[in-house]
2 protein chains.
Amino acid sequence: MLTKSSTELVRQQNSTLVLAALRRARNLSHTEISAATGLASATVSAITAELERAGVIAKAEQHVQGGRGRPRVLFTPRRDCGYVIVVRISSDVVQYSLTDYGGTLLDRFEEGRNHDQRGTAAFAQTFVDALERLLQRSRLTRDRVLAVSISSKGLVDADTGAARLLWSPVFGSEQLDFAALLAPDWRGEVMLNNETLLVAQALAAQAERAPEGGFRSLAAISLGHSIGLGVARKGRFGEMDVTAPNFGHMLHAPSAGLCRCGAYGCIEAAAGFYGILRAAFEVPPDTIPAKFVPIAEMDKIAASARQGHRMAGYAFRQAGLALGNGISRMLSLYERMPIYVTGPGTRYFDLLRGGLEEGVSQSLQLRLQGAPEISVVLDEQRLVFDGHLERALGVIDGDIAAAGQA
Amino acid sequence: MLTKSSTELVRQQNSTLVLAALRRARNLSHTEISAATGLASATVSAITAELERAGVIAKAEQHVQGGRGRPRVLFTPRRDCGYVIVVRISSDVVQYSLTDYGGTLLDRFEEGRNHDQRGTAAFAQTFVDALERLLQRSRLTRDRVLAVSISSKGLVDADTGAARLLWSPVFGSEQLDFAALLAPDWRGEVMLNNETLLVAQALAAQAERAPEGGFRSLAAISLGHSIGLGVARKGRFGEMDVTAPNFGHMLHAPSAGLCRCGAYGCIEAAAGFYGILRAAFEVPPDTIPAKFVPIAEMDKIAASARQGHRMAGYAFRQAGLALGNGISRMLSLYERMPIYVTGPGTRYFDLLRGGLEEGVSQSLQLRLQGAPEISVVLDEQRLVFDGHLERALGVIDGDIAAAGQA
DNA sequence: GGATTATTTCTCGACAGTCGAGAAAATCAG
DNA sequence: CTGATTTTCTCGACTGTCGAGAAATAATCC
C-alpha cells in the first residue's frame with residue numbers, strides 16, 4: 001500500500017535533492033543548484049534560505065569569480081553542522097574514525113581485538129568506551145554526533161532502523177544489537193551494515209557520478225578468510241538499493257566440505273582461505289576449519305601453485321569454480337551486471353581466474369547476454385570507508401530534510 | 001538520483017491512492033475513502049470530483065442505507081471506462097480474455113497452438129487477428145482497450161515499457177516484441193510478464209488484503225514441463241516489487257544433465273517433467289530432452305514410484321533435491337519467505353517433498369531463521385489471470401491519475 | 001407530527017509549496 | 001560614468017491539502 005502524499009513531503013524531497021547535489025559538488029551557486037535539481041530558481045531560494053536558517057549550509061565567504069555579471073555566491077554544507085563516527089569491525093582490529101558533516105576525516109584510531117574471544121558483552125563495553133574516547137579527543141559531546149555507522153562481515157538485520165548483527169565470523173551467532181546498546185545516550189542514527197555492502201555502495205556511487213552514466217547495477221565480491229557479496233541496483237524510483245545477500249554461505253556443492261558456519265558445502269568452505277588451505281593440504285573436508293589463516297601461509301600455497309604444484313593449483317581452481325558457480329547462480333536470480341572483486345584474496349586472482357571463468361560460464365542467462373565483466377579493485381578498506389560516508393551522510397541529509405518540517 | 005517533486009505529483013499519487021482503495025473495495029463512500037487513504041475529507045471531495053468529471057468513477061444510484069444521518073453515496077469505478085485484454089500463452093494453447101475496467105470477464109476464447117512450430121512471424125499474425133476478433137465479438141474499438149496484458153513462460157525483458165520475450169520454452173531464443181507488434185494501431189499499454197511472476201503477484205495481493213497483514217515477501221514456484229519462479233517483495237516505499245528470476249535455468253549441479261536450453265545442469269533438467277522422465281527410465285543424462293511429456297506419462301511414473309519402484313522414486317527424489325537446493329540458494333540471496341508451489345507438477349508433491357525438504361535444509365540462513373513454510377496452491381491458471389488483472393488495472397489506474405494532470 | 005440527533009457530504013478560508021517573470025544587485029567593459 | 005551582462009531575489013499566480021463548520025438528510029424521541 002502506497003502512502004499518501006502532501007505538500008510538506010514535496011518540500012522534504014526537494015530539500016534532500018538540494019542537499020544531495022550540494023554534497024556531490026561540495027559547493028554550488030544558486031543557478032547551479034537550479035540546473036542540477038531541475039527546480040525553479042524561486043524554489044531554490046526558498047529551500048536554501050530554510051537550510052541556511054537551520055545552520056546546515058552556508059554561503060561561501062569569497063565570491064571569487066572572473067565572470068561578467070553579478071558574482072555568484074556559493075552555498076556549501078557547514079562542516080560543523082554535525083559529526084559522524086565510523087566503526088569498521090574486522091576480525092583482528094576495530095577502527096574508529098570521526099568525520100565532520102562534510103565527510104573529512106578528523107580523527108582515527110584502531111584497537112586490536114585479542115583473539116581470546118571474550119564474548120559480545122565485553123566487546124560492547126570496549127566499543128562504547130572507544131566512542132567516548134573519540135569524542136573526548138576532539139572535545140565533542142554526544143549530541144553533536146548525527147550518526148554512528150558500523151560495519152562488520154556477516155549477516156545483518158535488513159530492517160530499516162535495526163542495527164542487529166545476526167551472524168558474523170567474529171562473534172558467530174551471538175547477536176549484537178548496536179541500536180539497543182547506544183539507544184539511551186546517543187540521539188544520532190545508529191546503523192550497521194555488511195562490509196561488502198558498503199563496498200558495493202561506494203562503487204555504485206562512483207559509477208553514478210561517472211560522466212558516461214547509465215548505471216543500472218553492480219556486484220562487489222570480497223575474497224578473504226570469508227566471502228562477502230554486495231549488490232547495488234538502481235530502484236524503480238531512481239534510488240540506490242544495496243543489499244548484502246548471504247553469498248558466502250550459499251550452498252555450492254556438498255563436496256565442498258564443512259564450513260565455519262556449521263553447514264556443509266558453502267561457497268566459503270571452498271573459496272575462503274581456510275577452504276583453499278584444506279584442499280591444498282588434502283585435509284579431509286569435514287575437518288573443523290582453522291580459526292584463522294595467516295596471509296603468509298596463503299602466500300606460500302600460492303607460490304607453490306604458481307610453481308606448478310598440483311594440489312595447490314587444484315585448491316585455487318576449486319575455489320574459483322565455487323565462486324564462479326555462485327556468481328552464475330546469483331546472476332540467474334538478479335540480472336547481468338559487472339562484478340568487482342576486492343579483498344585480500346585478490347592477490348591470488350591469477351590462480352582463481354581459470355576456475356572462476358569456467359564456473360561462471362554455465363548458464364542460459366550468460367549464453368543469452370554474454371559473460372559479465374569481472375574486474376579487480378584494490379584498496380577495499382578505502383572503499384568500505386567511502387561506503388560508510390556515502391550511506392551515513394545520505395541518511396543524515398534525509399533526517400535534516402524531514403526535521404525541517406517538524 | 002531521485003527526481004524532483006511538485007504539487008501536481010502529490011495530486012497524482014493521492015489520486016492513484018483513491019483509485020486503488022476503490023478498486024479493492026468495489027465501492028466506497030466519501031468517508032470510507034477518507035478513512036482508507038488517510039486523506040482529509042476535503043481532499044477526497046476534490047479528487048473524486050475530478051475523477052467523476054473524467055468519467056472514471058461514478059456515484060452509485062441507490063443509496064441503500066439503514067444508518068441514521070444523511071445517506072452515504074457510494075463511489076464505484078465505471079466499468080465502461082475502458083477494457084483490458086488478457087492473453088495467456090501456454091505451450092499448447094493461447095487464451096484470449098476481455099474484461100472491463102472493473103475486472104469482470106466479458107468474453108474469452110482459446111486457440112490451439114499446432115506443435116509444428118511455424119515460427120514467431122506466423123504466431124504474430126494469428127495473435128493480432130485474435131485480438132481483432134475479440135474486439136469484434138464485443139463490438140468494441142481498439143481505442144477503448146486500455147491495456148493488453150500478455151503472459152508466457154520464459155524470460156522477459158525487465159525494462160518498464162518493454163514487452164520483449166527474450167527466451168521461452170515455446171519459441172526458444174527467437175525473440176518476440178509485442179510492444180513493437182501493436183505499436184502503431186493500439187494506444188493502450190502493452191505489457192508482457194512471466195507467468196509465475198503473475199502468480200506471485202496474485203498471491204501477494206491476496207496476502208496484502210488479508211486482515212492479519214504484515215506481508216513482506218513470498219515466492220511462487222510453478223512445477224511442470226519447465227520450472228518457473230516469481231518473487232514478490234514489498235519495497236522501501238510500500239510498493240509491490242515482483243520479479244521472475246531465471247530460476248529454472250539456474251545451475252543446480254553438472255550431474256543434472258543436458259537441459260532444453262542447451263546448458264548442462266539446470267534445475268529444470270532435473271526437476272522439469274522431461275528431467276524426471278529421463279531419470280526414471282535411466283536415459284543417459286546428455287540425451288536431448290523430449291519436446292513434450294504427456295501428463296499421462298508422468299502419472300504412470302508417479303504411480304510406479306508410489307508402488308515402490310526404485311528408479312521412479314529416485315527420479316522424483318532427485319527432482320525434489322534440485323528444487324530444494326535451488327530454493328535454499330534463492331533464499332540465501334533474498335531472505336526467508338514462504339514458498340507457494342503451483343502448476344501441474346503439484347500432483348506429485350508427495351513424491352517430491354522428501355528430496356525438497358532435504359535440499360532446502362542445507363544453509364546457514366535456514367538454521368538461523370528456520371525452514372521456510374512451503375505450501376501447495378492449486379488452480380494456477382486462475383492465479384495467473386488474477387495476477388494479470390492486478391497488474392494491468394494497477395498500471396491503468398496510474399495512467400489515469402497521470403493523465404488527469406495533462 | 002415536529003423537534004432533535006446523528007451522520008455524511010460539501011464548501012470555504014488558511015496554509016504550504018512551486019513556478020515564471022521581472023526587478024534588483026553587482027560586476028565588468030568601454 | 002554608463003551600459004551590458006549575469007546572478008540573485010521577490011512577487012503574484014497557481015495547485016494542492018487540511019480543518020472547521022455549514023448544509024443535507026434520515027432515524028429517533030416525545
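Nothing here was measured: the structure is a model prediction, and the numbers come from that model.
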For this session: Please tell me which of the listed nucleotides, dG17(C), dT17(D), dT8(D), lies nearest to the side chain of Glu8(A)?
Result: dG17(C)

Exercise. On the ring face of Tyr101(B), is Arg23(B) found with NZ or CZ under 6.0 Å from the centre and within 45° of the axis?
Worked result: yes

Exercise. Which of these nucleotides, dC19(C), dC9(D), dT9(C), is closest to any side-chain atom of Ser45(A)?
Worked result: dC9(D)

For this session: Send over the distance from Glu52(B) CD to dT9(C) P, rounded to a whole Å.
Result: 13 Å

Problem set entry | His388(B)-Ser151(B) side chain donor-acceptor pair, cut-off 3.5 Å | yes

Exercise. Minimum heavy-atom separation for Thr76(B) to Arg26(B), with atom names?
Worked result: OG1-O, 3.2 Å

Exercise. Does dT17(D) have OP1 or OP2 sitting under 4.0 Å from an N or O in the side chain of Ser5(A)?
Worked result: no

Problem set entry | Any donor-acceptor N/O pair under 3.5 Å between dC19(C) base and Ser6(B) side chain | no

For this session: Name the residue closer to the 5' end of DNA chain D, choosing between His30(A) and Leu39(B) according to the nucleotide with the nearest heavy atom.
Result: His30(A)

Exercise. How close or far is atom P of dG17(C) from atom CG of Leu17(A), stated in whole angstroms?
Worked result: 16 Å

Exercise. Has Lys59(B) got a side-chain N or O lying under 4.0 Å from the OP1 or OP2 atom of dT8(C)?
Worked result: no

For this session: Rounded to the nearest angstrom, tell me the gap between atom CZ in Arg72(B) and atom P in dT9(C).
Result: 7 Å

Problem set entry | N/O (side chain, Thr7(B)) to phosphate O (OP1/OP2, dC14(D)) under 4.0 Å | no

Exercise. Between atom CG in Asn27(A) and atom P in dT7(D), what is the gap in whole Å?
Worked result: 15 Å

For this session: Tell me which of Gly38(A) and Phe75(B) sits closer to the 5' end of DNA chain C, going by the nucleotide each one is nearest to.
Result: Phe75(B)

For this session: For Ser41(A), report the nucleic acid contact type (base, sugar-phosphate, nothing); a contact means any heavy atom under 4.0 Å.
Result: base

Exercise. Between dC19(C), dC9(D), dT17(D), which nucleotide has the shortest distance from any of its atoms to the side chain of Ala40(A)?
Worked result: dC19(C)

For this session: Would you please classify the geometry between the Phe237(A) ring and the Phe237(B) ring as parallel, tilted or perpendicular, with 30° and 60° separating the classes?
Result: perpendicular

Exercise. Does Arg68(B) make a side-chain donor-acceptor contact with the base of dA27(D), cut-off 3.5 Å?
Worked result: yes

Exercise. Nearest of dT25(D), dG3(D), dT8(D) to any side-chain atom of Arg70(A)?
Worked result: dT8(D)

Exercise. Is the shortest side-chain N/O distance from Asn14(A) to OP1 or OP2 of dT18(C) below 4.0 Å?
Worked result: yes

Exercise. Between dC9(D) atom P and Arg53(A) atom CZ, what is the distance in whole Å?
Worked result: 14 Å

Problem set entry | Separation of atom CZ in Arg11(A) from atom P in dG16(D), rounded to whole Å | 18 Å

Exercise. Between Leu74(B) (CG) and dT7(C) (C1'), how many Å, whole number?
Worked result: 14 Å

For this session: Give a yes/no answer on whether the side chain of Lys4(B) brings an N or O atom under 4.0 Å of OP1 or OP2 in dG17(C).
Result: no

Exercise. Is the distance from OP1 or OP2 of dC18(D) to the nearest side-chain N or O of Thr43(B) less than 4.0 Å?
Worked result: yes

Problem set entry | Separation of dT8(C) P from Leu28(B) CG (nearest whole Å) | 13 Å

Problem set entry | Of the listed nucleotides dG20(C), dT17(D), dC10(C), the one nearest the side chain of Ile47(B) | dT17(D)

Exercise. How far apart are the C-alpha atoms of Asn14(A) and Val10(A), what are their side-chain angles, what is the distance that settles it, and do they pass the side-chain contact (heavy atoms from CB on, under 4.5 Å) test?
Worked result: CA-CA 6 Å; Asn14(A) 288 340; Val10(A) 170; 3.7 Å; yes

Problem set entry | Of the listed nucleotides dT25(D), dT18(C), dC18(D), the one nearest the side chain of Pro71(B) | dT25(D)

Seminar exercise, completed: Looking only at heavy atoms, the pair that brings Ala244(B) and Leu197(B) closest together is N-CD1, 3.6 Å

